[in-house]
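All of these numbers come straight from a predicted model, not from anything done at the bench. Worth knowing before you read on, the calculation uses all heavy atoms, side chains too, and leaves out hydrogens, waters and symmetry mates. So that the names make sense, note that chain A is the first sequence line, chain B the second, and so on, each numbered from 1.
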Number of protein chains: 2
Amino acid sequence: MTIKEVAEKFDMTNDTLRYYEKVGLVGPVKKNSSGMRDYSESDLKRIEFIKCMHSAGISIEVLKKYVDLYDEGESTKLERQHLLEEEQDKLEEKIRTMTEALDKLKYKIELYKTNKLDEYL
Amino acid sequence: MTIKEVAEKFDMTNDTLRYYEKVGLVGPVKKNSSGMRDYSESDLKRIEFIKCMHSAGISIEVLKKYVDLYDEGESTKLERQHLLEEEQDKLEEKIRTMTEALDKLKYKIELYKTNKLDEYL
DNA sequence: TATTGACTTAGACTAGACTCTAAGTGATAA
DNA sequence: TTATCACTTAGAGTCTAGTCTAAGTCAATA
């Protein structure tokens with residue numbers, strides 16, 4: 001699969017895909033006889049996982065660490081699990097924070113709708 | 001209330017408070033006779049609201065726009081409401097995205113725990 | 001009185017995550 | 001066969017949201 005096709009599939013830019021490869025999140029991606037990237041199935045699966053995790057707010061740095069541990073092999077299994085568990089905690093905390101903010105936002109919108117605004121902001 | 005006290009109360013830095021004032025999110029904060037900031041109750045309420053919304057991922061730019069509309073007065077009420085409704089939609093979408101990612105993360109951790117990992121990454 | 005410490009300002013710097021530019025290569029269409 | 005187009009690289013530039021620095025002021029303590 002070409003870089004363009006991958007970019008379209010995952011709705012990201014070619015630049016972002018090359019950037020992910022440069023920092024070592026993906027690949028190195030195989031090149032065809034003309035030197036152009038040809039993404040494999042497993043490249044695609046990595047990209048999907050990374051995109052999903054990154055869109056949830058997990059940093060490139062943390063994802064890179066995970067990928068590096070993965071590439072080191074079996075011996076890092078437990079460390080990888082712990083890394084994921086930490087990210088799970090952070091993610092749950094973030095969702096809580098956002099849900100709280102959402103509630104406040106909804107309350108404020110309610111004030112607007114019922115014309116009961118007399119507050120600061 | 002001094003800048004230090006406010007920073008402690010909301011767990012942010014003096015620098016961030018000055019930055020918020022510089023971009024017009026808060027204040028202008030009153031100064032005492034020695035030229036030092038003395039935050040009022042309504043400054044504190046703004047800061048609390050802004051901190052909460054920003055921690056949920058609403059950008060400084062959007063918050064600034066809201067504050068500016070607020071300061072323009074009554075006539076912008078409907079526009080402000082619409083702005084908040086848009087942010088509500090975005091926030092709900094973000095929470096959905098993050099919840100999806102969280103589910104995938106939990107599933108992956110389960111694979112680690114039951115030693116069923118045979119996948120990519 | 002001298003120094004310490006918390007504040008003030010303007011403005012430079014930083015990190016993270018891209019995003020763009022310039023210069024070049026290879027395959028295909030006119 | 002020349003032009004066009006999608007790709008390649010290295011490296012520079014951008015944006016957001018701070019964060020830090022330098023130089024200075026003021027009040028309180030040694």
Side-chain angles (χ1 to χ4, degrees), chain A residues 1-40 43 46-47 49-68 87 90-91 94 97-98 101, chain B residues 1-40 43 46-47 49-68 87 90-91 94 97-98 101:
Chain A
M1 216 174 187
T2 69
I3 197 168
K4 187 177 192 171
E5 285 163 346
V6 177
E8 268 157 21
K9 183 175 169 67
F10 292 113
D11 189 30
M12 49 209 302
T13 66
N14 300 13
D15 272 327
T16 301
L17 284 167
R18 283 190 212 101
Y19 169 70
Y20 282 3
E21 188 172 349
K22 183 156 72 180
V23 300
L25 270 186
V26 180
V29 177
K30 215 181 71 203
K31 308 281 178 75
N32 71 14
S33 54
S34 323
M36 289 179 191
R37 286 175 179 77
D38 180 16
Y39 288 83
S40 72
D43 290 329
R46 277 203 180 199
I47 293 168
F49 179 71
I50 283 162
K51 202 208 159 183
C52 175
M53 293 304 139
H54 187 48
S55 72
I58 300 181
S59 72
I60 297 297
E61 190 184 5
V62 166
L63 290 169
K64 165 72 172 153
K65 170 130 205 202
Y66 179 73
V67 166
D68 284 351
E87 293 310 309
K90 286 192 213 161
L91 201 41
K94 262 190 234 165
T97 301
M98 294 178 73
Chain B
M1 214 174 190
T2 69
I3 196 169
K4 188 178 192 170
E5 285 164 345
V6 177
E8 267 157 21
K9 181 175 169 71
F10 292 112
D11 190 31
M12 48 209 302
T13 67
N14 301 14
D15 271 328
T16 301
L17 284 167
R18 283 192 212 101
Y19 170 70
Y20 282 4
E21 190 174 347
K22 183 156 72 178
V23 300
L25 269 186
V26 181
V29 177
K30 214 181 70 203
K31 309 282 178 73
N32 71 13
S33 55
S34 321
M36 289 178 191
R37 286 176 179 77
D38 180 17
Y39 288 83
S40 71
D43 289 330
R46 275 202 182 199
I47 292 168
F49 178 71
I50 282 162
K51 200 205 161 184
C52 175
M53 293 306 137
H54 187 48
S55 73
I58 300 183
S59 73
I60 297 297
E61 190 185 2
V62 166
L63 290 170
K64 166 69 172 152
K65 170 131 204 202
Y66 179 73
V67 166
D68 284 352
E87 292 311 309
K90 285 192 213 161
L91 201 41
K94 261 191 232 166
T97 302
M98 294 178 74

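When distances are taken from the side chain of A/Ser59 to each of D/dT8, C/dA17, C/dC7, the shortest belongs to C/dA17. With D/dA6, C/dT9, C/dA17 as the choices, the nucleotide that has an atom nearest any side-chain atom of B/Arg37 turns out to be C/dT9. When the nucleotides C/dG26, D/dT16, D/dC26 are ranked by their closest atom to the side chain of B/Ser34, D/dC26 comes out on top. Looking at the side chain of A/Tyr19, the nearest of the listed nucleotides C/dT19, C/dT8, D/dC7 is C/dT19. Closest to the side chain of A/Thr13, from the set C/dT19, C/dA6, D/dC7, is C/dT19. The B/Ile60 side chain lies nearest to D/dG18 when the options are D/dT19, D/dG18, C/dC18. Residue A/Met36 places its side chain closer to D/dA6 than to any other of C/dC18, D/dA6, C/dA6.
B/Leu17 has its CG atom 15 Å from the C1' atom of C/dT8, to the nearest Å. When rounded to the nearest whole Å, the span between CG of B/Asp15 and C1' of D/dT16 equals 16 Å. When the P atom of C/dG16 is taken as reference, atom NE2 of A/His54 falls 12 Å away, rounded to whole Å. Between A/Ile50 atom CD1 and C/dC18 atom P there is a gap of 11 Å when expressed in whole angstrom units. One can place CG of A/Asn32 at 10 Å from C1' of D/dC7, the figure rounded to the nearest angstrom. Atom CZ of A/Arg18 is separated from atom P of D/dC7 by 8 Å (rounded to the nearest Å). Here C/dT19 presents its P atom at 14 Å from CD1 of A/Ile3, a figure rounded to the nearest Å. Straight-line distance from the CG atom of B/Asp38 to the C1' atom of C/dT8: 15 Å, rounded to whole Å.
Put simply, B/Tyr20 has a side-chain N or O that comes within less than 4.0 Å of OP1 or OP2 on D/dG18. In this structure, B/Asn14 does not reach the C/dA6 phosphate: none of its side-chain N or O atoms is under 4.0 Å from OP1 or OP2. Listed pair A/Lys22 / C/dT19 fails the phosphate criterion, with no side-chain N or O lying under 4.0 Å from OP1 or OP2. An OP1 or OP2 oxygen of D/dT9 is reached within less than 4.0 angstrom by a side-chain nitrogen or oxygen of A/Lys31. Taking only side-chain nitrogens and oxygens, B/Thr16 comes nearer than 4.0 Å to OP1 or OP2 of D/dT19.
Looking only at side-chain heavy atoms (C-beta outward), B/Leu17 and B/Val26 stay at 4.5 Å or farther from each other.
Surrounding CG of B/Asn32 are more than 12 heavy atoms belonging to other residues, nucleotides or ligands, all under 6.0 Å away.
Remark: of the listed residues B/Thr13, B/Ile3, B/Val29, B/Ile3 is the sole one forming a side chain to side chain contact (heavy atoms under 4.5 Å, CB included) with B/Arg18.
By the 30° and 60° cut-offs, the orientation of the rings of B/His54 relative to B/Tyr20 is perpendicular.
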Salt bridge (Lys or Arg N to Asp or Glu O under 4.0 Å) evaluation trace for A/Lys64 with A/Glu61: CA-CA 5 Å; A/Lys64 165 72 172 153; A/Glu61 190 184 5; over 6 Å; no
